Trainee: 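Starting off with a structure, shown below.
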Amino acid sequence: MTFRIACGKCGAYIYAGIELRYARDVLKVAGGKCRECGSHLSLKDFALDVVKVRV
Ligand SMILES: [Zn+2]
């Protein structure tokens with residue numbers, strides 16, 4: 001299973017990995033801004049996309 005957090009505006013992944021992270025923690029690390037489009041991020045802008053992978 002991969003856990004990804006994407007920018008709600010440009011769709012760039014703020015975080016992608018197998019480790020489950022809280023959106024607010026990722027947002028803190030990212031400085032509250034999207035690295036791609038530079039827009040200010042708030043929690044409600046995040047889209048959670050959890051994809052199950054067959055093992
Ligand atoms: Zn963005």
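What you are looking at is a predicted structure, and each value in this text was computed from that prediction instead of being measured. For ligands, and for the atoms within them, numbers begin at 1 and follow the listed sequence.
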Trainee: With a cut-off of 2.8 Å, how many protein N, O or S atoms neighbour the Zn ion (ligand 1)?
Mentor: 4
Trainee: Return the minimal non-hydrogen interatomic distance between Ile14 and Ala30, and the atom names on each side.
Mentor: CG2-CB, 3.9 Å
Trainee: Provide the closest heavy-atom pair for Glu19 versus Phe3 in the form atom of the first, atom of the second, distance.
Mentor: O-CD2, 3.6 Å
Trainee: Report the residues that fulfil side chain to side chain contact (heavy atoms under 4.5 Å, CB included) with Ala12, sequence neighbours left out, ordered by chain and then residue number.
Mentor: Cys10, Cys34, Glu36
Trainee: Could you grab the distance from atom NE2 of His40 to atom CG of Leu27, nearest 0.5 Å is fine?
Mentor: 7.0 Å
Trainee: Roughly how far, to the nearest 0.5 Å, is SG of Cys37 from NZ of Lys9?
Mentor: 7.0 Å
